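Given the structure is predicted, the values throughout are model-derived calculations rather than measurements. The analysis underlying the following values was restricted to heavy atoms, covering all of them including side chains, and did not include hydrogens, waters or symmetry mates. Naming convention: chains lettered A, B, ... in sequence-line order (proteins, then strands); numbering from 1 in each chain.
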Protein chains: 2
Amino acid sequence: MLAIGAVASRTGIKIPTIRFYEQEGLIEAPARTDSGRRLYSDEDVRRLSFIRHARDLGFELDDIRSLLDLSDQPDRTCADVDQIARLHLSEVEARIERLRALKRELTRIVSSCAGGRTAECRIIEALADHGRCETPTHDGRERKAKRSSARAPKRK
Amino acid sequence: MLAIGAVASRTGIKIPTIRFYEQEGLIEAPARTDSGRRLYSDEDVRRLSFIRHARDLGFELDDIRSLLDLSDQPDRTCADVDQIARLHLSEVEARIERLRALKRELTRIVSSCAGGRTAECRIIEALADHGRCETPTHDGRERKAKRSSARAPKRK
DNA sequence: TCTACATTCTCTAGTCACTAGAGGATCAAG
DNA sequence: CTTGATCCTCTAGTGACTAGAGAATGTAGA
């Protein structure tokens with residue numbers, strides 16, 4: 001049985017995040033010491049590693065909840081699991097496409113800058129004038145990912 | 001002078017979002033009617049269109065704040081504008097790369113599914129077993145975009 | 001003029017997946 | 001016995017909005 005800190009370093013999930021997953025019902029409340037500290041079994045660690053990996057692959061917690069439920073029922077067919085994964089894959093593909101359109105547009109805008117004063121800045125103009133662009137993502141569009149990661153180097 | 005609804009349909013920004021931008025200081029508090037309804041000038045509409053377009057291109061509100069500040073100072077050099085845009089472009093490129101790695105890994109996992117029971121499901125296995133994958137985004141990783149869009153069709 | 005209905009107002013709370021911090025208890029080593 | 005590490009619970013903050021309550025105002029037709 002491991003304390004939460006050991007589980008954190010083993011799975012790569014931060015301590016508050018582990019507690020958060022418990023609160024969200026992704027893992028069951030673990031055993032406790034007499035003083036109330038959490039104690040995790042190997043099975044708990046496996047489950048957390050599963051969650052971690054699935055999160056790395058971009059699955060939402062709801063997807064992961066479903067995947068965990070399914071894997072707890074070994075006699076069901078694999079079809080539902082497959083469907084969740086395929087759906088997610090197609091979402092990732094769609095996201096890539098949107099980002100690529102966005103990149104094309106941004107590249108076009110950036111390359112139009114010839115230096116000079118902001119008064120005649122092409123970038124500002126391009127941003128102000130939606131009509132002149134190929135409106136890459138005007139509906140169903142990509143917005144910025146909020147935070148890169150837990151462990152990504154952070155510039156404050 | 002236009003009411004907020006007219007501005008919303010002209011710019012494609014939703015009414016609550018326009019009020020939100022005002023609250024965030026991206027636009028100044030507009031004129032009001034005697035009864036307190038907001039009235040927008042053409043200049044306000046232009047500024048909002050600028051914001052909208054920049055958001056479509058994935059700039060964060062902080063970036064947009066900077067871009068608006070810069071465009072309000074027509075005698076500065078374009079360099080800062082250029083830098084913001086280039087930085088954003090490189091972030092978009094990095095994001096595409098991370099997503100592509102993720103897509104490769106997901107494709108690999110999905111294609112390993114041969115049907116059958118979840119007990120021997122390769123997808124579940126692949127998710128459980130991080131060691132066996134190419135750990136595409138283990139640090140500095142991509143996480144899912146939270147909400148696709150304002151106007152994207154929503155499945156409840 | 002009355003009545004509907006649309007539009008607008010302010011305010012609060014919810015979304016997602018965490019992260020940060022306060023303020024306190026417990027543990028292990030020297 | 002003290003120090004520092006680890007742990008506990010709880011609340012609030014992040015980004016960029018969205019949703020809803022409850023109330024006031026505007027407008028068009030009968």
A.B. asks: What nucleic acid atoms does B/R19 come within less than 4.0 Å of, heavy atoms only: base, sugar-phosphate, or nothing?
C.D. replies: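 Since a base atom lies under 4.0 Å of B/R19, the category is base.
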A.B. asks: If you check every side-chain atom of A/K14, which of C/dT19, C/dT8, D/dC7 has the closest atom?
C.D. replies: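 Side chain of A/K14 sits closest to C/dT19.
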A.B. asks: Would you mind building the protein contact string for nucleotides 25-30 of chain C? One character per nucleotide, 5' to 3', B for base within reach (heavy atoms under 4.0 Å), S for sugar-phosphate only, - for untouched.
C.D. replies: BBS---
A.B. asks: Test of understanding: with side-chain contact (heavy atoms from CB on, under 4.5 Å), list the residues that count as partners of A/D44, not counting sequence neighbours.
C.D. replies: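 Applying side-chain contact (heavy atoms from CB on, under 4.5 Å) to A/D44 gives A/P30, A/Y40, A/S41.
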A.B. asks: Looking at A/Y21, does any N or O in its side chain come under 4.0 Å of the phosphate oxygens OP1/OP2 on C/dC18?
C.D. replies: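 For C/dC18, OP1/OP2 do have a side-chain N/O of A/Y21 under 4.0 Å.
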A.B. asks: Take the protein atom CD1 of A/I15 and the nucleotide atom C1' of D/dT9, then report the distance between them rounded to whole Å.
C.D. replies: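 Taking CD1 of A/I15 and C1' of D/dT9, I get 14 Å after rounding.
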A.B. asks: Check every atom of C/dC18, D/dT18, D/dC8 against the side chain of A/R32 and return the nucleotide holding the closest atom.
C.D. replies: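 Of C/dC18, D/dT18, D/dC8, D/dC8 is nearest to the side chain of A/R32.
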A.B. asks: Salt bridge between A/R47 and A/D72, side-chain N to carboxylate O under 4.0 Å?
C.D. replies: yes
A.B. asks: Check every atom of D/dC17, D/dC8, C/dT10 against the side chain of B/R38 and return the nucleotide holding the closest atom.
C.D. replies: C/dT10
A.B. asks: Just how far, in rounded Å, is C1' of C/dA17 from CD of A/E60?
C.D. replies: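 Rounded to the whole Å, the gap is 10 Å.
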A.B. asks: Take the protein atom CD of A/Q23 and the nucleotide atom P of D/dT11, then report the distance between them rounded to whole Å.
C.D. replies: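 A/Q23 atom CD is separated from D/dT11 atom P by 11 Å.
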A.B. asks: In whole Å, what is the span from the CZ atom of B/F20 to the C1' atom of D/dT18?
C.D. replies: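 Answer to the nearest Å: 11 Å.
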A.B. asks: Rounded to whole angstrom units, what separation is found between the OH atom of B/Y40 and the P atom of C/dT8?
C.D. replies: 10 Å
